[in-house]
Engineer: 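My structure is below; once you've seen it, I'll send some questions.
For the numbers below, each heavy atom of this structure counts, side chains included, while hydrogens, waters and symmetry mates do not. Given the structure is predicted, the values throughout are model-derived calculations rather than measurements.
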Amino acid sequence: MEVTTAALSIPANEEVEIEFFPFFRMYRSGRVERFGGTDKVPPSLDPATGVDSKDVIIDPSTGVFARLYLPPTANDGGKLPILFYIHGGGFSIESAASPVYHRHLNDLSSLTPLIAVSVDYRLAPEHRLPAAYDDSWTAFRWVFTRADPWLAQHGDFGRVFVAGDSAGGNIAHHIALRAAAEGLVIKGMALIHPYFGGSVPVGSEFADSGRMWQFIFPDTDGLDDPRRNPVAEGAPSLAALGCERVLVSVAEKDFLRERGNIYYEKLKESGWRGEVELVETPEANHVFHLLHPETEQAKNKIKLLTDFFKKD
């Protein structure tokens with residue numbers, strides 16, 4: 001039987017509209033195909049660390065939830081630090097239920113120890129930015145309502161930390177700014193290989209690295225939108241950060257390294273009165289500690305974070 005070209009043609013609505021590897025491909029029909037970060041695991045009592053976890057719906061109207069982690073030492077007496085964690089993934093992949101982040105938060109909760117709240121924000125492109133910012137802020141404010149018994153009974157609200165990697169680091173910065181403006185107290189903030197950008201490429205950035213940002217945030221103020229470039233002219237002053245301590249962690253082979261360095265330098269110059277530390281991991285790539293947790297470098301990164309959260 002002869003196969004015609006027409007028989008092999010792709011329906012118009014199934015043609016690819018746009019693709020941003022390694023994040024997602026979007027078809028004209030609106031269907032989204034993600035290239036990774038879709039695996040999920042349920043909350044559980046982790047046999048390796050003894051950390052218990054559960055999912056709590058934060059906003060029924062959007063489905064936004066948080067995964068909470070409680071270490072086995074919670075009942076030993078005394079209050080524990082609270083870590084509000086925001087996952088990375090280009091605002092478009094991964095989740096709080098990802099096996100990568102589930103393992104990571106189990107480790108941080110056990111080794112510090114601390115109570116962790118990992119927010120599961122809505123993903124682009126189905127939910128364009130600023131949805132991820134709004135969802136994260138909603139979840140962060142929920143923490144301070146003390147509505148959950150784990151937080152109410154075991155959490156030390158004088159030691160609340162905000163942290164995130166990549167896109168999550170970007171969101172963490174804006175959470176810290178907004179918290180200060182609204183009187184919510186943060187002890188410290190850890191930015192892990194944070195995603196920032198600008199209209200002028202720096203370091204090893206690609207000249208078109210802002211295309212995805214403009215697609216997933218159609219109402220952006222441009223490539224120097226303060227949500228993308230926190231040191232742009234007109235951006236809120238870094239001196240307004242309300243936390244006492246900041247850790248900026250970068251990796252030598254990460255194309256976002258220079259943006260992290262710039263953030264560190266601008267924070268020091270801003271008049272902010274806190275303590276800031278910049279740590280660079282040599283010969284390392286973006287979020288190496290999440291992808292290869294068994295390595296010595298990854299173990300050192302975990303220790304860096306737990307030491308930061310332990311410090312009074």
Engineer: If you apply the rule salt bridge (Lys or Arg N to Asp or Glu O under 4.0 Å), what do you find for R228 with D224, and how did you get there?
Structural biologist: CA-CA 6 Å; R228 184 172 188 262; D224 284 315; 5.8 Å; no
Engineer: Please state whether the rings of F196 and H173 are parallel, tilted or perpendicular, taking 30° and 60° as the class boundaries.
Structural biologist: perpendicular
Engineer: Are any side-chain N or O atoms of T295 and backbone N or O atoms of A298, one a donor and one an acceptor, separated by less than 3.5 Å?
Structural biologist: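 Present.
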Engineer: Is there any ring-ring contact (aromatic ring centres under 6.0 Å, His included) pair reaching into residues 37-60, and which pairs are they, with sequence neighbours excluded?
Structural biologist: none
Engineer: Where the side chain of S166 meets the backbone of G168, is there a donor-acceptor pair that is under 3.5 Å apart?
Structural biologist: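 No: the side chain of S166 does not pair with the backbone of G168.
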Engineer: When you measure from the centre of the six-membered ring of F144, is the NZ or CZ of R141 under 6.0 Å away and within 45° of the axis?
Structural biologist: no
Engineer: So, using side chain to side chain contact (heavy atoms under 4.5 Å, CB included) as the criterion, who are the partners of E294 when residues are at least two apart?
Structural biologist: H292
Engineer: Which heavy atom in M212 sits nearest to a heavy atom in S92, and how many Å separate them?
Structural biologist: CE-OG, 3.5 Å
Engineer: Tell me if the aromatic rings of H104 and H289 count as close, with their centers under 6.0 Å from one another.
Structural biologist: yes
Engineer: Check side chain to side chain contact (heavy atoms under 4.5 Å, CB included) between P149 and all other residues, then give those that pass, not counting sequence neighbours.
Structural biologist: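 By the side chain to side chain contact (heavy atoms under 4.5 Å, CB included) rule, P149 matches K54, Q153.
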Engineer: Got a sec, which pairs hit salt bridge (charged side-chain N to carboxylate O under 4.0 Å, His left out) with one end in residues 270-292, sequence neighbours left out?
Structural biologist: K253-E283, R257-E280, E275-K311
Engineer: Give the C-alpha distance, both sets of side-chain angles, the deciding distance and a yes or no for side-chain contact (heavy atoms from CB on, under 4.5 Å) between N261 and L278.
Structural biologist: CA-CA 8 Å; N261 291 341; L278 174 70; 3.5 Å; yes
Engineer: Assign the ring pair H193 / H286 to parallel, tilted or perpendicular, where the plane angle (0 to 90°) is split at 30° and 60°.
Structural biologist: tilted
Engineer: Only one of E17, E33, E19 clears side-chain hydrogen bond (donor to acceptor under 3.5 Å, both in side chains) with Y27; which?
Structural biologist: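 Checked E17, E33, E19 against Y27; only one passes side-chain hydrogen bond (donor to acceptor under 3.5 Å, both in side chains): E33.
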Engineer: Taking all heavy atoms of P72 and all of G50, pick out the closest pair and write down the distance.
Structural biologist: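 Result for this residue pair: CD-O, 3.5 Å.
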Engineer: Whether the S29 and E14 side chains hold a donor-acceptor pair (N or O, under 3.5 Å, no angle test) is what I'd like checked.
Structural biologist: yes
Engineer: Before you tell me yes or no, could you show the steps for M189 and L247 under side-chain contact (heavy atoms from CB on, under 4.5 Å), namely the whole-Å CA-CA distance, both residues' side-chain angles and the distance that decides it to 0.1 Å?
Structural biologist: CA-CA 6 Å; M189 175 177 69; L247 171 66; over 6 Å; no
Engineer: For E244, what residues pass the side-chain hydrogen bond (donor to acceptor under 3.5 Å, both in side chains) criterion, not counting sequence neighbours?
Structural biologist: K187
Engineer: V119 and D135: which non-hydrogen atoms are nearest, and at how many Å?
Structural biologist: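 Closest heavy-atom pair between V119 and D135: CG2-O, 4.3 Å.
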Engineer: Quick one: side-chain hydrogen bond (donor to acceptor under 3.5 Å, both in side chains) partners of H154, sequence neighbours excluded?
Structural biologist: none
Engineer: To the closest 0.5 Å, what do you measure between CH2 (W213) and CG (L223)?
Structural biologist: 9.5 Å
Engineer: Mark yes when over 12 heavy atoms from residues, nucleotides or ligands other than K310 sit less than 6.0 Å from its NZ; otherwise mark no.
Structural biologist: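 Above 12, so yes.
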Engineer: What closest approach, in Å, do S95 and D120 show between heavy atoms, and which atom pair accounts for it?
Structural biologist: CB-OD1, 2.9 Å
Engineer: Would you name the heavy atoms of A176 and I186 that are closest together and state the gap between them?
Structural biologist: CA-CD1, 3.8 Å
Engineer: Hey, are Y101 and E94 close enough side-chain-wise for a donor-acceptor pair under 3.5 Å?
Structural biologist: no
Engineer: Which pair of heavy atoms, one from I302 and one from L111, lies closest together, and at what distance?
Structural biologist: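 Nearest heavy atoms, I302 then L111: CG2-CD1, 3.7 Å.
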Engineer: Can you sort out the partners of S136 under side-chain hydrogen bond (donor to acceptor under 3.5 Å, both in side chains), two or more places apart, ordered by chain and number?
Structural biologist: none
Engineer: Tell me every residue that passes ring-ring contact (aromatic ring centres under 6.0 Å, His included) with F309, counting only those two or more places apart in sequence or in another chain.
Structural biologist: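 ring-ring contact (aromatic ring centres under 6.0 Å, His included) list for F309, sorted by chain: F161.
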Engineer: Using a 3.5 Å distance criterion without hydrogens, assess whether the side chain of R159 forms a donor-acceptor pair with backbone atoms of K79.
Structural biologist: yes
Engineer: Test side-chain contact (heavy atoms from CB on, under 4.5 Å) on V143 and I82 and set out the steps.
Structural biologist: CA-CA 9 Å; V143 168; I82 299 169; 4.2 Å; yes
Engineer: For R34, check side chain to side chain contact (heavy atoms under 4.5 Å, CB included) against everything at least two apart and list the hits.
Structural biologist: F24, V32, T38, I93, L123, P125, E126
Engineer: Relative to F157, does R146 satisfy both conditions: NZ or CZ under 6.0 angstrom from the six-membered ring centre, and within 45 degrees of the ring's axis?
Structural biologist: yes
Engineer: Got a second to check how far N229's CG is from D221's CG, nearest 0.5 Å?
Structural biologist: 12.0 Å
Engineer: Assess the side chains of T138 and D59: does a donor N or O sit below 3.5 Å from an acceptor N or O?
Structural biologist: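 No.
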Engineer: Could you tell me if the side chain of V16 sits less than 4.5 Å from the side chain of M26, heavy atoms only?
Structural biologist: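 The answer is no, as the side chains (C-beta and beyond) never meet within the 4.5 Å cut-off.
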Engineer: Between L108 and T306, is the side-chain contact (heavy atoms from CB on, under 4.5 Å) condition met? List the steps.
Structural biologist: CA-CA 6 Å; L108 292 178; T306 57; 4.0 Å; yes
Engineer: Within the side chain of W272, is there an N or O that forms a donor-acceptor pair under 3.5 Å with the backbone of A240?
Structural biologist: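 No, the answer is negative, given that no donor and acceptor are paired below the 3.5 Å cut-off.
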Engineer: Quick check: does any side chain N or O of T220 sit under 3.5 Å from a backbone N or O of Q214, one acting as donor and the other as acceptor?
Structural biologist: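 Such a contact is absent between T220 side chain and Q214 backbone.
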Engineer: In chain order, what residues pass the side-chain hydrogen bond (donor to acceptor under 3.5 Å, both in side chains) check against W137, with sequence neighbours excluded?
Structural biologist: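 For W137 there are no side-chain hydrogen bond (donor to acceptor under 3.5 Å, both in side chains) partners, ignoring immediate neighbours.
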Engineer: Atom CD1 of I86 and atom CG of D165: how far apart are they, to the nearest 0.5 Å?
Structural biologist: 9.5 Å
Engineer: Linking I/L/V/M/F/W/Y whenever their side-chain heavy atoms sit closer than 4.5 Å, directly or via other members, would V117 and L70 fall into one cluster?
Structural biologist: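 Cluster IDs for V117 and L70 match.
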Engineer: With D46, which residues qualify under side chain to side chain contact (heavy atoms under 4.5 Å, CB included), at least two apart?
Structural biologist: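 Residues passing side chain to side chain contact (heavy atoms under 4.5 Å, CB included) with D46: A48, T49, N106.
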Engineer: Please collect all ring-ring contact (aromatic ring centres under 6.0 Å, His included) contacts where either partner lies in residues 50-79, sequence neighbours excluded, each pair once.
Structural biologist: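 Those involving residues 50-79 are Y69-H102.
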Engineer: Check for me whether the distance between the ring centres of F20 and F215 falls short of 6.0 Å.
Structural biologist: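 Here the rings of F215 and F20 have centres that are less than 6.0 Å from each other.
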Engineer: Is there a path of hydrophobic side-chain contacts, each under 4.5 Å between heavy atoms of I, L, V, M, F, W or Y residues, that connects L177 with I175?
Structural biologist: no
Engineer: Quick one: OG1 on T112 to CG on L83, what's the gap to the nearest 0.5 Å?
Structural biologist: 7.5 Å
Engineer: Any idea how Y195 and F91 line up, ring-wise: parallel (<30°), tilted (30 to 60°), or perpendicular (>60°)?
Structural biologist: perpendicular
Engineer: Give, for atom CD1 of I192 and atom CG of L305, the distance between the pair rounded to the nearest 0.5 Å.
Structural biologist: 4.5 Å
Engineer: Say whether, by atom type as modelled, one donor and one acceptor occur between the side chain of R67 and the main chain of A116 under 3.5 angstrom.
Structural biologist: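 Absent.
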Engineer: Go through the steps for K40 and S98 under the test side chain to side chain donor-acceptor pair (under 3.5 Å), then give the verdict.
Structural biologist: CA-CA 5 Å; K40 296 184 179 182; S98 161; over 6 Å; no
Engineer: Keeping S110 on the side-chain end and D107 on the backbone end, is there a donor-acceptor pair under 3.5 Å?
Structural biologist: no
Engineer: State plainly whether the residues E15 and R28 are in salt-bridge range, i.e. N to O under 4.0 Å.
Structural biologist: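 Looking at E15 and R28, the cut-off is met.
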